[in-house]
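A quick note: this is a predicted structure, and the numbers were derived from the prediction, not measured. As a basis for the values below, the full set of heavy atoms in this structure was taken, side chains included, without hydrogen atoms, waters or symmetry mates.
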Amino acid sequence: MIFILHQNLDQKFDYKLEAIILYFLPTPIFPTFLLQNTVDRLLVGKRDKRICFYTGDKRHTNACLLPICSLYGAAVTTVEGVGSTKTRIHPVQERLAKCHGSQCGFCTPGMVMSIYTLLRNHPEPTSEQMIAALAGKYCHLLVCRCEAFLQESICCQRKANGKCCLDQEDDLFDNKEEKVSTSLFSTDEFQPLDPTQELIFPPELMRMAENQPKRTLLFHGKRVTWISPVSLDELLDLKAAHPEAPLVVGNTSVGPEMKFRGVFHPVLIAPARIPDLNVLKYTDDGLTLGAACSLSLVKDTLTNAIVEFPEEKTRVFHAVLQQLRTLGGEQIRNVASFGGNIISRKSTSDLNPVLAASNCMLNLASRGQKRQIPVSDIFADGVGNNTITPEEILVSIHIPHSRKGEYVSAFRQAPRRENALPITNAGMRVLFEEGTDIIKDLSIFYGGAVSTTVCAKQTCWTLIGRHWNEKMLDEACRLVLKEIALPGSAGGENIDYKKTLMVSFFYRFFLEVSQSLKTMDPCHYPGIPMEYRSVLQDFKTRMPQSIQMYQAKPSQSPQDPVGRPIMHQSGLKHATGEAVYIDDLPSVDGELFLAAVTSSRAHAKIVSVDTSEALKAAGVFDVITAHDVPYGNCLNPPYHYVMCILQVICVGQIVCAVVADSDVHAKQAAAKVKIEYEMLEPVILTIEEAIKHNSFFEPKRKLEQGNVDEAFETVDNIIEGEICIGGQKHFYMETQSMLAVPKGEDKEMDMYVSTQHPAIIQEIVAASLGVPANRIMCHVKRVGGAFGGKILKTGLLASVAAVAAHKTGRAVRFILSREDDMVITGGRHPFIAKYKVGFMNDGKIRAVDAKYYINGGCTPDESVLVAEVSLLKMDNAYKIPNLRCWACVCKTNLPSNTAFRGFGFPQSGLVTETWITDVADKTGLLPEKIKEINMYKKNEQTHFKQKLDPQNLIRCWNECMEKSAYYSRRTTINELNKENYWKKRGIAIVPMKFPFGLGTPYLSQAAALVHIYTDGSVLLTHGGIEMGQGIHTKMIQVASRELNIPMSCIHFCETSTTTVPNACASVGSAGTDVNGMAVKDACQTLLKRLQPIIKKNPTGTWNDWIKEAFKQSVSLSATGYFRGYNEYMDWEKGEGQPFTYFLYGAACSEVEINCLTGDHKNLRTDIVMDIGCSINPAVDIGQIEGAFVQGIGLYTMEELKYSSEGVLYTRGPDQYKIPAVCDIPEQFSVSLLSSSQNPYAIYASKGIGEAGLFLGCSVFFALRDAVTGVRNERGLKKTFALNSPLTAEQIRASCADAFTEMCRDHASPSLFSPNPSYH
């Protein structure tokens, strides 16, 4: 799609302009455009809010950063315009789909546009350019494989051995196996990339840019005016007339303020077209850059300058460039302005500290006046600084050349290396007296510490005249901590960590300068020890190298698709943007939009709800309250309320909802609803508080085998410990989304919902409306990710929309924003586990006594079931003869936690691996030895008396050991660690036994419906939900094999309660197992009916047989059914067979940590997984990879922080960080265990969706291994505990040294030296 945006001067709009400014384009974009007299091109992708936008120097950005008013004269091309299944798909789209680069597909258009624009600008991109284009992309749903979007002729910069990254026989990993396939796709199928076939820029816009004079653009709305001047004088006049009007260039500050904080600006001034603000000028003493220059342009300019000028002059350039490389990602840098980043004075700016420390200058202008001030001046008096008057404009910034004897550095530490705001950053500069190490001038600035950038001014003054030595270092750190007083903890921040970073950054600066002095004069300055030097290099993101191995079947019929790496059924539609999600559904006539009003208190009585102002707001149709629920406001059980009526029991409960004619109007009106509360006690947020108040859900569960107490009396050693495991948000790419459409008669309603369980949606909505379930039709085409989070809570949200549609008689669309989604919904259950372990000196564990406390939130939801599963799976891969474990679900005032991929096992498995490692520490044996000693080795019974054959567990463990070259690498790591003091590596290998089953037969029943039409085509439907796991693709493979027809003859339409009633939820990795059986049953029923016809005409075709069957009145429609697995558990006896079979696996991971900051890098992971006979290896390996990366997030990154009032701080992607491309191991191998059979599931396969997540804890224990090495080297023998997620903060605190002691205890300088003197 292409549209051309023209605008006459002073055009009047009939709709609200601020709506455009708030919500920008209707779909996210990936643009390339040139401003002014140059070509403007906008490449647009949908849903994934990233845009590749290219100016003449080729850039990409985010759609949400481009107000429509800024797109005057632009040509916009959507992802559909790049390629379409209806016309011709683009080679990039083809590769991403056929190389299995999409799963749920919601963010795939964004990936396509990033790669497309990269190749438009760099037909032969370097690996650095590829990584930059993908920087910050999330990996819950998409594990980036370099093969997925490159072709041999353009991609990977051939290696020295002449091989391409697409050559799967490359030497990425040792221990290759013969007769194992590593090819998931064939490059022979790919069409070549032909630049001559790309879209050209519309000539009309070209002529307009060349021939029309520049003129002021004026856009008027009812409340907002947008003005885009063309000269500096005009801008100064505007600013004098409207001193409070913000300047909008990149919209990275004003846009979020308007959208998320409700800030209103009646006038917005867009100065991006003014030449003075876009200047690039080299001077004798430095470089001057216009304030409107994008950060990408600044980055490129500095990169070029570093090449052109001698190193001595470019140290400031290097330091600024260091921060720009990780600031926001390319998408943001391409629109964010240099001046805007400075003038906002935000504490989180990575540039301001280094610009201020480097004596950069600001060129300011107002009517009749121009002046120049240092950047440091605007931070002199804190956030209230008024150095710049409201009438003044920042025109440009001057970055000076560095001088002889001057050294400049910049540092940052963030929750994630890419696209993450800093925890703390710093800019530092020192100037020495010529030819000496005596400090002549010193600047130290920090960001992230307080509300704005702050200078350690007194420290710098005090140190002038000092020699650059350890005595100065001690004094400097003491003075910095004394001078910069950090406020009390806010937003869940740890003040000690920030203090530690402050002095660690200065120590790093000290090391850098000391080494530079040695380079300048090696005779007088010794530099730093060799073992310190590695810390001077930051971790870099490199293109992951991956290999996937699976068992091929050469003897299989070419027509049989089962066991082959078939492309996802919707892969091409994902890549072209044609895949339809809930918010893509066309508007229904008269459709209304709903915005929820949620509670702001964790436990309170509702005194009153005042909706009067909301009802007066523009576009508002009605306000929906609990009184409008026709029948059942309370679902009993599980005691969930559709909307609150008397009291609230957590922050984020829905109190009422506003319906209006637009999403903007609904949200504006919702903000006007006033709720008066009366606080209730107690407010219980944590597990500890729940224990204190005896606040639990019943029943408590217990499993026990052997005689635990007696065993403890006979063991050689006993250890006790505790571990805390934090929660995790689902962070599905498609937020909770639903569309309720009343049909106008018989109280019928169509519900289009993003859910894993249409039947429960039908049931809850019907109960709320007081109608039979047969009046509610729930439809699900596909879901943009779910992970267990779109079941019960989705039903409650759908009921709100349905009640609104019932009351108004009109369709109601309800799409949660990311922030609202995270506040309203729960997630994975936080755990606190206490354990006592008895073992012998040889490492054999004899007894375990454990207790799990689980934060269930405010209602039961699935929490007791999660507790049960955590107990049943707690043994992981180990045979413990005497075991006792309790699980208690705590009732707290947080949103109800619920099902999440792994369902209790990721937590209990981590606990088990923790006490296994504790035993290793106590005995002095390696953890892998303890694991081997205690692992299941023969046919045995589990602790709940289910039989177990661990043969494949042992095979996975041994193969992983071999493929990862574990022992040789551990030796290498030990040698590396001896040679590096501030950087350490760690390695760990973790086995896994993952039981498959839902515990109750009726939960695993399934049905399918298969129609054959007279032209031979087949329509297939079943009860499973497609949410990225490829279930529809696999079901088509099953039907293709059973009917012996090509997959192209089979179509899947949607999952609906109208075709398959009472379907169970798609959960527990069971979708393929149970629905595959139902599809197989239906197909076999049809084939049985066709047998007489086939027997009579064996040489006929499929179409011949179908036509003849129709003529003979043979039914060509059949249902298939699977009764479910015979699973049961008797909790009174503590025994049963709750699982049908077991999956096995093992993962080995290697990491490297920075002991000064706590940062880490994932270097390599090898996974071996037993999944039986894979129906689709490409899909299954993708599930393993994606689950593993999600596990990395759980165990090392994703940290939830709440206020003492129960308000979630980490409520959006700015605060809550999930893994991105930078977190994928640099080397990533996944191997499927060969010759594995499973007699209990369809075609001997195994359900794989959840198991891989737990293996992410191999990274956790590799980090622990690295930390243990640090502590052993430093003589820290005291037992230490690490909790999950193992963040940089924890790693830094565990790598205790004089820096951490100083920050925690205010130690004297004599305690400071981190290591014996090296001078």
Side-chain angles (χ1 to χ4, degrees), residues 697-706 788 791 829 848 850 852 854 860-880 883-889 898-909 911-912 936 939-950 952-953 992-1006 1064-1074 1077 1122-1145 1170-1172 1238-1241 1246-1251 1253-1254:
F697 290 113
E698 295 296 336
K700 297 181 177 68
R701 291 301 193 193
K702 172 188 167 186
L703 278 178
E704 185 170 4
Q705 75 165 353
I791 306 176
H829 294 76
V848 172
Y852 301 155
I854 302 166
D861 204 285
E862 305 284 357
S863 296
V864 171
L865 187 55
V866 169
E868 293 174 351
V869 171
S870 69
L871 291 180
L872 292 169
K873 298 185 180 183
M874 69 158 295
D875 57 331
N876 189 21
Y878 310 110
K879 176 65 176 178
I880 310 300
L883 182 151
R884 178 170 59 224
C885 190
W886 285 88
C888 310
V889 179
T898 187
F900 201 139
R901 196 177 200 172
F903 208 77
F905 175 60
Q907 297 99 311
S908 65
V911 176
T912 298
Y936 285 108
N939 290 356
E940 300 188 65
Q941 285 189 343
T942 64
H943 56 294
F944 48 88
K945 297 182 174 57
Q946 180 166 345
K947 291 181 180 179
L948 168 73
D949 178 1
N952 283 354
L953 170 64
M992 179 192 68
K993 168 180 67 68
F994 188 88
F996 170 93
L998 300 175
T1000 306
Y1002 77 85
L1003 291 178
S1004 56
Q1005 62 182 304
C1064 293
S1066 292
V1067 295
S1069 309
T1072 296
D1073 280 43
V1074 300
M1077 290 293 199
F1122 178 64
R1123 289 183 55 83
Y1125 293 112
N1126 186 26
E1127 300 166 344
Y1128 65 92
M1129 181 65 195
D1130 187 330
W1131 284 98
E1132 292 296 323
K1133 295 180 179 179
E1135 61 183 59
Q1137 187 168 320
F1139 307 115
T1140 299
Y1141 57 83
F1142 299 89
L1143 295 91
Y1144 303 101
D1170 164 33
I1171 64 168
N1238 177 29
Y1240 304 104
K1246 293 185 178 182
I1248 188 56
E1250 297 180 288
L1253 190 142
F1254 169 72

Colleague: Just how far is it from atom CG of Asp1130 to atom NZ of Lys945, taken to the nearest 0.5 Å?
Modeller: 11.0 Å
Colleague: So Ile791 and Thr898, side-chain contact (heavy atoms from CB on, under 4.5 Å) or not? Walk me through it.
Modeller: CA-CA 9 Å; Ile791 306 176; Thr898 187; 5.8 Å; no
Colleague: Decide yes or no for Leu871 and Glu868: does some side-chain heavy atom of the first lie under 4.5 Å from some side-chain heavy atom of the second?
Modeller: no
Colleague: Can you label the angle between the Tyr1125 ring and the Phe996 ring as parallel, tilted or perpendicular, going by 30° and 60°?
Modeller: perpendicular
Colleague: Once you round to the nearest 0.5 Å, how far does CG of Asp875 lie from NZ of Lys993?
Modeller: 3.5 Å
Colleague: Between the side chain of Asp1170 and the main-chain N/O of Gly1172, is any donor-acceptor distance below 3.5 Å?
Modeller: yes
Colleague: Quick one, Leu703 with Trp1131, criterion side-chain contact (heavy atoms from CB on, under 4.5 Å). Give me CA distance, side-chain angles, the key distance, then yes/no.
Modeller: CA-CA 8 Å; Leu703 278 178; Trp1131 284 98; 3.7 Å; yes
Colleague: Would you compute the distance between atom CZ of Phe697 and atom OG of Ser863 and round it to the nearest 0.5 angstrom?
Modeller: 6.5 Å
Colleague: When you measure from the side chain of Glu940 to the backbone N and O of Lys879, does any donor-acceptor pair fall under 3.5 Å?
Modeller: no
Colleague: Whether the side chain of Ser1069 engages the backbone of Glu1250 through a donor-acceptor N/O pair (distance < 3.5 Å, no angle test) should be reported.
Modeller: yes
Colleague: Is there a side-chain contact between Leu998 and Glu1127, using heavy atoms and a 4.5 Å cut-off?
Modeller: yes
Colleague: Met874 and His943: side-chain contact (heavy atoms from CB on, under 4.5 Å), yes or no, with the steps?
Modeller: CA-CA 9 Å; Met874 69 158 295; His943 56 294; 3.9 Å; yes
Colleague: Look up atom CZ in Phe1142 and atom CG in Leu953, then write down how far apart they are to the nearest 0.5 Å.
Modeller: 11.0 Å
Colleague: Do Pro1138 and Thr1000 come within less than 4.5 Å of each other through their side chains, counting heavy atoms only?
Modeller: no
Colleague: Any donor-acceptor pair under 3.5 Å linking the side chain of Arg701 with the backbone of Val864?
Modeller: no
Colleague: Over all heavy atoms of both residues, which pair between Ser908 and Ser870 is shortest? Give the atoms and the distance, please.
Modeller: OG-O, 3.1 Å
Colleague: Examine distances only and state if a side-chain atom of Lys700 and a backbone atom of Trp886 form a donor-acceptor pair shorter than 3.5 Å.
Modeller: no
Colleague: With a 4.5 Å limit on heavy-atom distance, are the side chains of Met992 and Tyr1144 in contact?
Modeller: no
Colleague: Nearest heavy-atom pair of Gly904 and Val866: which atoms, and what distance?
Modeller: CA-CG1, 3.8 Å
Colleague: Can you check side-chain contact (heavy atoms from CB on, under 4.5 Å) on Gln1005 and Val1074, steps first, answer last?
Modeller: CA-CA 7 Å; Gln1005 62 182 304; Val1074 300; over 6 Å; no
Colleague: Compare every heavy atom of Ser1004 with every heavy atom of Phe1122, then report the nearest pair and how far apart it is.
Modeller: CD2-O, 3.5 Å
Colleague: Ignoring hydrogens and geometry beyond distance, is a side-chain donor-acceptor pair present between Asp1073 and Tyr1240 at under 3.5 Å?
Modeller: no
Colleague: So does Ala899 get a backbone contact from the side chain of Glu862, meaning a donor-acceptor N/O pair under 3.5 Å?
Modeller: no
Colleague: Would you give the length of the straight line joining atom CZ of Phe1254 to atom CD of Gln907, rounded to the nearest 0.5 angstrom?
Modeller: 11.0 Å
Colleague: How many angstroms lie between atom CG of Leu872 and atom CZ of Phe905, to the nearest 0.5 angstrom?
Modeller: 12.0 Å
